[in-house]
J.: 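Here's a structure for you.
Below, each value reflects all heavy atoms present in this structure, side chains not excepted, and no hydrogens, waters or symmetry copies.
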Amino acid sequence: MPTMKLGIKSEAFHRDGQTWLCSSGLPSDVAVEVGDMSFHLHKFPLLSKSGFLEKLIEQLPSEDGSGRVLKLHDIPGGAKAFELVAKFCYDVKIELTSLNIVSLRCAAEYLQMTEDYGEGNLISQTEVFLNEVFGNWTDTVKALETCEEVGAYAEEVHIVSRCIDSLAVKACADPQLFNWPVKGQENAQSPNGTVLWNGISSTTKPQPTAKGLKAENIAASLIHYAKKNIPLINNQSSFNDMNHVGSGATISTNSEVDQRVLLEEIVGLLPSVKGVTTTNFLIGLLRTAMILHASPSCREILEKKIGSQLDQALLVDLLIPNMGYTVETLYDIDCIQRILDHFMYIYHATTASSPCIVEEGQLVGGTDTLTPLTMVASLVDGYLAEVAPDVNLKLPKFHSLAAVIPDYARSMDDGIYHAVDVYLKAHPWLSDSEREQLCRLMNCQKLSLEASTHAAQNERLPLRVIVQVLFFEQLRLRTSISGWFFVSDNLENSQHPSRNLGLPKNDCSRPMESSAQDGEQGGGKDVKERVSELERECVGMKMELEKLVKAKKSWSLLPKKLGFRRKSQPCIPKADDVKEQTPSASAPQNNESGDVGHGVVE
């Protein structure tokens, strides 16, 4: 620990109870009262060093008597600090340390002990020693702790800010010091002649050459400090937090007001770099800010920080209970709405300035920009499914939150369909128009097979939605059949390359023709088997849909609209029918009937 010794005289004071007496042999001509202590001193040593005492002494009565008393009850550091001041005025030996330097520096400022009242006065001497204290981590921490004893006086002479700056510079040079203080080290000369400041090569005095702490280190330190001093952040039982505050049983000794002030200060110090502060911690801060009734600006900052990295959040983190005065819903939907709106604002601003163009689900230039939006879409779908059972959740709020996510952000709409289904189940009193409006949130073309099967039998859905689901299922089936025929045609063409090449016939082509006929018969059999299999699947779907139509009598027109009463004939008739039927005779009959391609499959 660095020290500094001032004065050359031996002890010239002795204490008698609550009184300090000067043992110089001269009678005292002034008394100074500081708290309960009384110092019997002489005017000349005091007024020659202090401008403030000089003014007070000039105001004293000129005649001798007991009326020459100066009262300094407001002096920083109290009686202990004034004792050192008195000894300094009498040139008595004193020792400055990191534990008394702050109070002595503030007392010197209070008493106006400047260079105008003597070279090397107390202000300049304490400043010299303060610079030595700031060169050591441990002594700087001790000096900063003693600032509480003098309160605002330490702020006025900028001791607090200088201590913090000193610690910040050291932490930037050696991040390990930021977590745990190190043992004090005296400045020592390194082999090359430079001074080792706290074990770090430097000049004779520490220079603030560091550019600042890394954002990750700042965030980690603030998280550690917040969890230590604001216990509500550690409590993840959200619905118990409100009762927790009212009971007054907190781990920390800080009052709710102190915790609110700390939280607002921490929020103001959080780095602006995205991702260095975890989303989980930010949401914990937001919950605590709601409980402690932090300022609206504080909560707005947290909501924007969460919105900027919403893709990193978990579903359980977003389930913030409603803590407003008028609790309408179980969860705070409005808060999540604001967070989601800010995420979409940043997303649109980013995509507008980037070369990637998103239009109708197509991304030109890359796919990375869609990843956060896709993750948030899945997160919102899960959140909607969690809050949907709340009977107090109004349709406009549910619809507004779901509509923020664009359609192209979801590769499949199973998640939003599940949320809509849960909401319809919890709100059976919705009108037909309201159910129609709600179901417009999902795209029936983007439902999986399992979701489509469930939706086709879901009595809570409007009839129009079920018709759309069945229509797109039939469209998928027809697309699948067309795909089979396309594969079969390619297979047949690959087995008969001579047709595409147009090779001339010669005497040697007869063996080739016979082998081609054999391959043609084999390929025809494969195609017949595939078509027969698809026809059986069509018949099965027809039977299931007819059962569904019978269950809903109002669907009498559904089979006609979807064309399930007329099915296409097999594309390849049996071999015996081919031999008996001629093309010229069959074509007119089919044209007259007008039912070609629409025969019923048996």
Side-chain angles (χ1 to χ4, degrees), residues 4-7 9-114 116-118 120-127 129-130 142-143 145-157 159-160:
M4 182 176 182
K5 295 181 180 180
L6 300 177
K9 297 180 181 179
S10 59
E11 185 64 49
F13 293 90
H14 66 275
R15 180 176 178 177
D16 184 8
Q18 298 297 103
T19 303
W20 281 89
L21 301 173
C22 180
S23 58
S24 62
L26 297 175
S28 174
D29 56 3
V30 66
V32 181
E33 292 183 357
V34 182
D36 297 335
M37 298 297 297
S38 178
F39 297 84
H40 293 270
L41 306 172
H42 303 88
K43 293 186 294 183
F44 180 76
L46 298 180
L47 60 85
S48 63
K49 294 290 186 180
S50 170
F52 183 73
L53 292 177
E54 180 184 22
K55 296 177 182 178
L56 293 180
I57 292 174
E58 290 178 352
Q59 298 174 3
L60 291 175
S62 57
E63 67 275 5
D64 297 336
S66 60
R68 298 190 172 212
V69 178
L70 303 178
K71 295 182 179 181
L72 300 178
H73 299 302
D74 296 333
I75 185 173
K80 290 184 178 179
F82 185 76
E83 177 188 349
L84 295 175
V85 171
K87 290 182 178 180
F88 176 81
C89 293
Y90 281 84
D91 202 20
V92 177
K93 295 178 181 179
I94 60 174
E95 185 177 60
L96 306 184
T97 66
S98 58
L99 298 177
N100 62 20
I101 184 59
V102 174
S103 60
L104 191 57
R105 171 66 181 86
C106 293
E109 187 74 20
Y110 178 84
L111 296 173
Q112 301 175 11
M113 303 179 71
T114 64
D116 296 336
Y117 294 89
N121 209 342
L122 189 56
I123 290 180
S124 61
Q125 295 288 355
T126 51
E127 279 294 329
F129 183 70
L130 271 175
K142 291 179 180 179
E145 292 174 347
T146 59
C147 290
E148 297 182 3
E149 301 174 0
V150 294
Y153 292 103
E155 294 281 358
E156 293 179 2
V157 295
I159 294 180
V160 175

J.: Only one of L70, L56, L53 forms a side chain to side chain contact (heavy atoms under 4.5 Å, CB included) with V30, so which one is it?
T.: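 Answer after filtering L70, L56, L53: L70.
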J.: Shortest non-hydrogen contact from A31 to S38?
T.: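 Minimum heavy-atom contact is CB-OG, 4.5 Å.
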J.: Any chance you could lay out the side-chain contact (heavy atoms from CB on, under 4.5 Å) test for E54 and Y117, step after step, and finish with the verdict?
T.: CA-CA 10 Å; E54 180 184 22; Y117 294 89; 3.0 Å; yes
J.: Mind checking the SG-NE2 spacing from C22 to H40? Nearest 0.5 Å is all I need.
T.: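 Reported to 0.5 Å precision, the distance equals 11.5 Å.
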J.: Are the side chain of S28 and the backbone of L41 linked by a donor-acceptor contact shorter than 3.5 Å?
T.: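 Indeed, once roles are kept as given, a pair shorter than 3.5 Å links the two residues.
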J.: Considering non-hydrogen atoms only, spot the tightest contact between V150 and S103 and give its length.
T.: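 So the minimum-distance heavy-atom pair works out to CG1-CA, 3.8 Å.
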J.: About how many Å separate CD of E155 and SG of C147, when rounded to the nearest 0.5 Å?
T.: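 So the SG of C147 and the CD of E155 are separated by 8.0 Å.
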J.: On a heavy-atom basis, which atom in I159 and which in C106 lie closest, and how many Å separate them?
T.: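 Looking at all heavy atoms of both residues, the closest pair is CD1-SG, 4.2 Å.
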J.: Between L122 and K49, is any pair of side-chain heavy atoms under 4.5 Å apart?
T.: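 No, side chains not in contact.
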J.: In terms of relative ring orientation, are F39 and W20 parallel, tilted or perpendicular, with 30° and 60° separating the classes?
T.: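 Plane angle under 30°, so parallel.
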J.: Would you say R105 and E127 make side-chain contact, with heavy atoms under 4.5 Å?
T.: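 Side chain of R105 against side chain of E127, heavy atoms only: contact under 4.5 Å found.
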J.: How many angstroms lie between NZ in K9 and OH in Y90, if you round to the nearest 0.5 Å?
T.: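 If I round to the nearest 0.5 Å, the distance is 9.5 Å.
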J.: For the atom pair CG (N121) and CE (M113), what is the distance rounded to the nearest 0.5 Å?
T.: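 If we round to the nearest 0.5 Å, N121:CG and M113:CE are 5.0 Å apart.
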J.: What verdict does the side-chain contact (heavy atoms from CB on, under 4.5 Å) test give for V69 and E33, after you've listed the backbone C-alpha separation in whole Å, the side-chain angles of each residue and the deciding distance to 0.1 Å?
T.: CA-CA 7 Å; V69 178; E33 292 183 357; 3.7 Å; yes
J.: Under 3.5 Å, is there a donor-acceptor pair between the side chain of T126 and the main chain of I123?
T.: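 Yes, the answer is positive, given that a donor and an acceptor are paired below the 3.5 Å cut-off.
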J.: Closest approach of G120 and F88, non-hydrogen atoms and distance?
T.: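 Scanning both residues, the minimum pair turns out to be O-CZ, 3.7 Å.
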J.: Just verifying a value: how many Å separate L84 CG and E95 CD, rounded to the nearest 0.5 Å?
T.: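 Spacing of CG (L84) from CD (E95) equals 10.5 Å.
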J.: Between H42 and P27 (side chain of the first, backbone of the second, donor and acceptor by atom type, cut-off under 3.5 Å), is there such a pair?
T.: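 Indeed, once roles are kept as given, a pair shorter than 3.5 Å links the two residues.
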J.: For G78 and V34, work out which heavy atoms get closest and say how close.
T.: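 Looking at all heavy atoms of both residues, the shortest contact is C-CG1, 3.6 Å.
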J.: Hey, is CD on E148 packed in by over 12 heavy atoms from elsewhere, all under 6.0 Å?
T.: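 It does not: E148 CD has 12 such atoms or fewer within range.
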J.: Distance from L111 atom CG to I75 atom CD1, nearest 0.5 Å?
T.: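 Here the interatomic distance stands at 4.0 Å.
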J.: Enumerate the residue pairs fulfilling side chain to side chain donor-acceptor pair (under 3.5 Å) with a member in residues 70-83, sequence neighbours excluded, ordered by first and then second residue.
T.: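 Only E83-K87 qualify under side chain to side chain donor-acceptor pair (under 3.5 Å).
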J.: Taking F44's backbone N and O only, do any of them form a donor-acceptor pair with S48's side chain (distance below 3.5 Å, no angle check)?
T.: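 Yes; judged by distance alone, with no hydrogens or angles, the pair exists.
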J.: Write down the atom of A81, the atom of L104, and the distance for their closest heavy-atom approach.
T.: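 So the minimum-distance heavy-atom pair works out to O-CD1, 4.0 Å.
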